[in-house]
Trainee: 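First, the structure itself, so that you have it in front of you.
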Number of protein chains: 2
Amino acid sequence: MIRIKDIAQKANVSTATVSYVLNGTGSVSEKTRIKILKVIEEMNYQPNHIAKSLKIKKTNTIGVVVEDVTSFHSSEIIDGINEYAENHGFSLLLTNMRVLKRLGRDLEDQEKVRQLTPPAMKEILNKQVDGLIYIGVHTRDVSGIINTGTLPTVYTYCYTSGEGYSVNYDDHLAAYEATKYLIEEGHSKIAVISGLFNSNPSRDRFNGYYQAVKDHELVFDPSFIKTGDWEFESGYTLTRELLDGTTRPTAILAMNDVMAAGAINACLERGLHIPEDISIIGFDDREFSSYINPKLTTMRLPLHEMGMEAIKSLVSILNQEEATEKNKKLKCTLIKRHTVGKPRE
Amino acid sequence: MIRIKDIAQKANVSTATVSYVLNGTGSVSEKTRIKILKVIEEMNYQPNHIAKSLKIKKTNTIGVVVEDVTSFHSSEIIDGINEYAENHGFSLLLTNMRVLKRLGRDLEDQEKVRQLTPPAMKEILNKQVDGLIYIGVHTRDVSGIINTGTLPTVYTYCYTSGEGYSVNYDDHLAAYEATKYLIEEGHSKIAVISGLFNSNPSRDRFNGYYQAVKDHELVFDPSFIKTGDWEFESGYTLTRELLDGTTRPTAILAMNDVMAAGAINACLERGLHIPEDISIIGFDDREFSSYINPKLTTMRLPLHEMGMEAIKSLVSILNQEEATEKNKKLKCTLIKRHTVGKPRE
DNA sequence: AAAAACAACTTAAACGATTAATCTCTTACG
DNA sequence: CGTAAGAGATTAATCGTTTAAGTTGTTTTT
């Protein structure tokens with residue numbers, strides 16, 4: 001391994017001078033600068049980041065703790081983080097907590113999640129990262145569960161009540177816009193297949209829906225609200241219930257694409273045509289949404305952007321820029337495909 | 001930050017002694033060992049890995065270079081790598097090349113991929129990782145594209161011809177078994193919707209299919225072989241061609257789930273019943289495969305296991321264990337769902 | 001009883017960078 | 001002309017560990 005020392009010897013200067021040209025600090029004459037640069041080139045010198053980090057107490061490495069990498073949103077967020085990191089000289093140290101695989105749907109049990117944390121995270125904290133990005137599996141509150149100590153941290157796809165920085169998407173607005181779209185298409189009987197009701201996204205999305213219904217002076221029918229559990233089966237079952245109800249809705253707002261897929265299956269099975277007989281709108285824009293038949297109209301989550309904004313926030317915290325926004329909320333976008341149409345007369 | 005020096009002072013010993021108890025090296029009396037451990041506990045000392053790495057020239061960090069994180073297989077492989085890493089004290093430094101997003105289907109143009117490499121990878125190499133795992137986007141040959149220099153490297157979901165270590169799944173065997181399953185269900189007219197034909201998996205899978213057909217003494221009909229491009233549309237279009245052909249197949253082997261989904265759509269559109277009128281089998285076991293209607297029977301790739309085996313290989317190379325297998329090939333497993341049945345008489 | 005061996009420590013030099021403090025020239029200015 | 005200022009370089013300490021080599025004092029061997 002070539003060291004600064006080797007460069008210095010060959011170029012007949014001190015190590016300090018070499019370091020100065022490497023970092024563009026100090027004052028070095030153009031002549032020696034050129035000379036040193038040439039030697040560096042010749043010897044194919046690669047700086048040792050470890051040594052540098054030890055001295056300057058900065059690693060230019062960001063820890064990324066993800067509750068579950070295999071969850072659909074994680075890789076897209078990581079991709080966003082990576083894009084910014086690459087362009088700004090940061091590396092990413094990744095740790096996967098695997099909460100979903102280890103706890104399943106038990107993860108609302110905060111104590112269990114907490115117990116999962118230490119082994120996975122201690123290591124990453126000790127590795128001397130400059131800051132941390134925490135990617136949850138649901139946009140739920142993780143305060144009290146995660147203790148990152150004094151390390152600057154930005155939470156995304158989850159948040160901490162009150163303290164801490166977070167980047168998320170706007171559930172309320174997204175549901176509002178989805179509902180508004182349905183209403184504008186002419187629907188007035190709009191059912192909802194919700195996720196688990198003790199979760200923030202479910203609550204916020206319901207409120208967005210409710211707001212849109214009220215703003216457009218439609219009647220709110222509680223029998224149109226069904227509570228699912230985010231899974232395919234519940235979308236399927238609840239849609240059957242909806243179709244068997246006294247008044248049949250002309251549109252269904254499913255709170256994720258997986259349940260929407262279940263809803264589509266249920267409708268198709270009953271011989272209904274989508275969107276002629278019933279419209280369905282999903283949430284997430286999962287990859288499969290354009291592989292199913294008919295292709296699903298859905299609200300796309302700004303995942304890539306969330307990753308980008310999370311690391312931007314973190315970097316601005318690291319740079320002590322005071323203006324950093326505490327809780328960013330990004331907008332979802334409506335992806336129009338083939339499951340929404342005007343209702344029959 | 002608490003240093004070894006601080007511990008040493010408080011415990012009235014030298015830094016060397018502290019280091020010895022920390023590493024379990026040297027010879028330290030039980031009495032001082034206890035004493036030092038107590039001080040460490042009291043002061044909540046956390047070792048500085050950076051300093052240690054500088055000295056011992058080992059980081060216990062493994063670089064993971066992935067051609068595209070958002071590709072369906074990547075996160076599952078990463079999950080496998082992570083599981084082993086966590087249990088063996090390694091950290092993961094992740095870099096995403098984003099080849100798919102940057103090059104699209106152009107990635108068979110090796111020159112372009114090569115040009116993408118340096119900026120993304122140089123950084124990770126300089127960060128002094130002990131070894132590298134490279135995760136491709138297709139199981140294609142990347143030799144000549146990727147230059148990891150002297151760094152121990154294991155390739156997965158891709159390979160290098162001849163030199164280097166790799167872990168992959170067995171395409172030939174998987175296709176053989178899928179075909180065999182179809183034959184055993186009673187099918188004799190089995191069509192294939194292949195991926196791009198200049199790709200290794202396409203070739204190997206075709207050979208597996210061909211072998212199975214021959215082994216079971218069926219006639220091989222070239223008109224049953226259609227070449228797609230891995231995308232949904234081609235599955236759809238080619239299935240329509242197949243259905244319009246002079247002899248209609250009773251089963252379709254699609255070389256990935258996405259094309260299989262296209263095939264299902266085409267069949268459904270023609271009013272065919274699956275699997276009564278036609279059987280369809282996919283490849284990959286994508287998440288959506290159980291969300292589509294009917295649920296797709298498919299060959300599952302051993303992704304998690306590939307990640308585990310990749311890092312196992314790497315670690316055994318790092319430990320200079322000579323016995324490390326050069327090119328591991330893992331088995332796919334058949335996931336039986338609802339798109340394969342016995343053919344009509 | 002002297003020599004050798006060993007256990008239990010300590011000393012101090014690395015590892016490869018950064019950087020405050022110095023030093024030596026020039027150049028500029030009143 | 002004397003001196004202050006500045007440019008361009010060097011010296012050496014430092015970051016937090018590890019570890020070879022050295023130092024004790026005690027035990028074993030012969």
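Heavy atoms only: backbone and side chains are in, while hydrogens, waters and symmetry mates are out. In what follows, chains are A, B, ... by sequence order, proteins preceding strands, each numbered from 1.
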Trainee: Name the closest nucleotide to the R3(A) side chain, picking from dA21(C), dC9(C), dG16(C).
Mentor: dG16(C)
Trainee: For the pair Y169(B) and Y157(B), name the ring-plane relationship: parallel under 30°, tilted 30 to 60°, perpendicular over 60°.
Mentor: tilted
Trainee: Please state how far atom CG in N12(B) lies from atom C1' in dT10(C), giving the value in whole angstrom units.
Mentor: 13 Å
Trainee: Which heavy atom in V167(B) sits nearest to a heavy atom in M306(B), and how many Å separate them?
Mentor: CG2-O, 3.6 Å
Trainee: Could you state the atom-to-atom distance from CD1 of I4(B) to P of dT10(C) in whole Å?
Mentor: 13 Å
Trainee: Rounded to whole angstrom units, what separation is found between the NZ atom of K31(B) and the P atom of dA8(C)?
Mentor: 11 Å
Trainee: Starting the side chain at C-beta, find the nucleotide from dC15(C), dG16(C), dA21(C) nearest to Y20(A).
Mentor: dA21(C)
Trainee: So, Y134(B) versus E67(B): side-chain donor-acceptor pair below 3.5 Å or not?
Mentor: yes
Trainee: Check the distance between dA12(C)'s C1' and K55(B)'s NZ and give it to me in whole angstrom.
Mentor: 10 Å
Trainee: Rounded to whole angstroms, how far apart are CD1 on I36(B) and P on dA8(C)?
Mentor: 13 Å
Trainee: Does a nitrogen or oxygen in the side chain of N48(A) sit under 4.0 Å from OP1 or OP2 of dC15(C)?
Mentor: no
Trainee: At under 4.0 Å, does any side-chain N or O of K52(A) touch on OP1 or OP2 of dT18(C)?
Mentor: yes
Trainee: List the steps and the verdict of salt bridge (Lys or Arg N to Asp or Glu O under 4.0 Å) for K326(B) and E163(B).
Mentor: CA-CA 9 Å; K326(B) 272 231 140 179; E163(B) 282 322 290; 3.8 Å; yes
Trainee: How many whole angstroms separate atom CD1 of I50(B) from atom C1' of dG16(C)?
Mentor: 13 Å
Trainee: I'd like the 5' and 3' limits of the part of DNA chain D contacted by chain A, with heavy-atom contacts below 4.0 Å.
Mentor: dA7(D) to dG16(D)
Trainee: Considering only heavy atoms from C-beta outward, does the side chain of L37(A) approach that of V21(A) to under 4.5 Å?
Mentor: yes
Trainee: Contact class for L54(A) vs. all strands (heavy atom < 4.0 Å): base, sugar-phosphate, or nothing?
Mentor: base
Trainee: Minimum heavy-atom separation for C158(B) and N168(B), please, with both atom names.
Mentor: O-ND2, 3.1 Å
Trainee: Does N96(B) offer a backbone N or O that forms a donor-acceptor pair with the side chain of N82(A) under 3.5 Å?
Mentor: yes
Trainee: Would you indicate what T32(B) reaches in the nucleic acid, counting non-hydrogen atoms under 4.0 angstrom: base, sugar-phosphate, or nothing?
Mentor: sugar-phosphate
Trainee: Please report, rounded to the nearest Å, how far the P atom of dA12(C) is from the NZ atom of K5(B).
Mentor: 13 Å
Trainee: Report the residue (P47(A) or S29(B)) whose heavy-atom-nearest nucleotide on DNA chain C is the more 5′ of the two.
Mentor: S29(B)
